[in-house]
Amino acid sequence: MGKICSLTRSEKTLGSNRTLPYDWQVLTEEDKQWISDRLEKVETTMPTEFHKWASPVELRQRSHAAAIRALDAEVGSLSDRLKNLEGR
């Protein structure tokens, strides 16, 4: 088990003489290990899930960018043709 501190809950304070909002002696080593394990799981799962989401989004963005470039080239070509017709 964890070390027992000689201070009581009321003696354990934050700045400005405020007491901690929880009973700091309640967490066992098992609790701390569980919290640590859960944090590690979140730290590894979150980036994986983000990349699963971001990969298709990036592919769509690249596809849309290519389509917009093609449309831009077509509009430029039509603009040039219109200027030639107006110049006659």
Side-chain angles (χ1 to χ4, degrees):
M1 282 284 164
K3 228 166 50 167
I4 297 178
C5 185
S6 62
L7 296 176
T8 66
R9 181 175 184 263
S10 62
E11 293 171 325
K12 196 82 164 160
T13 61
L14 297 171
S16 303
N17 294 329
R18 293 182 300 156
T19 60
L20 292 173
Y22 59 90
D23 189 352
W24 59 276
Q25 293 177 335
V26 172
L27 292 178
T28 65
E29 289 303 316
E30 185 179 319
D31 294 334
K32 292 174 187 176
Q33 184 61 46
W34 181 86
I35 291 169
S36 178
D37 292 344
R38 295 295 295 171
L39 285 173
E40 184 177 343
K41 183 178 180 186
V42 168
E43 288 172 349
T44 56
T45 303
M46 190 178 291
T48 301
E49 293 302 317
F50 173 76
H51 287 292
K52 283 184 197 175
W53 169 82
S55 183
V57 169
E58 184 180 11
L59 289 174
R60 283 195 303 271
Q61 182 269 334
R62 287 181 187 197
S63 174
H64 293 166
I68 289 171
R69 282 193 300 274
L71 287 171
D72 192 37
E74 185 66 26
V75 167
S77 174
L78 290 172
S79 178
D80 292 343
R81 288 176 64 192
L82 182 60
K83 285 178 187 175
N84 286 341
L85 289 173
E86 288 175 342
R88 290 185 185 178

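Residues take their numbers from the sequence shown, with the count starting at 1.
- For T45, the side-chain contact (heavy atoms from CB on, under 4.5 Å) partners at least two apart in sequence or on another chain are K41, E49.
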Side chain to side chain contact (heavy atoms under 4.5 Å, CB included) evaluation trace for L78 with E74: CA-CA 6 Å; L78 290 172; E74 185 66 26; 4.1 Å; yes

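- A donor-acceptor pair shorter than 3.5 Å can be found between the side chains of D31 and T28.
- Qualifying side-chain contact (heavy atoms from CB on, under 4.5 Å) partners for A65, counting only residues two or more places apart in sequence or in other chains: Q61, R69.
- Residues that satisfy the side-chain contact (heavy atoms from CB on, under 4.5 Å) test with L71, not counting sequence neighbours, are absent from this structure.
- Applying the under-4.5 Å side-chain rule to Ile, Leu, Val, Met, Phe, Trp and Tyr, the cluster around F50 extends to W53, V57.
- Checked by atom type and distance alone, the side chain of T44 pairs as donor or acceptor with a backbone atom of E40 at under 3.5 Å.
- Grouping the Ile, Leu, Val, Met, Phe, Trp and Tyr side chains by contacts below 4.5 angstrom, directly or via other members, places L27 with L39.
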Evaluation steps, side chain to side chain contact (heavy atoms under 4.5 Å, CB included), between L82 and E86: CA-CA 6 Å; L82 182 60; E86 288 175 342; 3.9 Å; yes

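- Residues satisfying the salt bridge (charged side-chain N to carboxylate O under 4.0 Å, His left out) criterion with R60, sequence neighbours excluded, are absent altogether.
- Take K83 and apply the side-chain contact (heavy atoms from CB on, under 4.5 Å) test, not counting sequence neighbours, and it matches S79.
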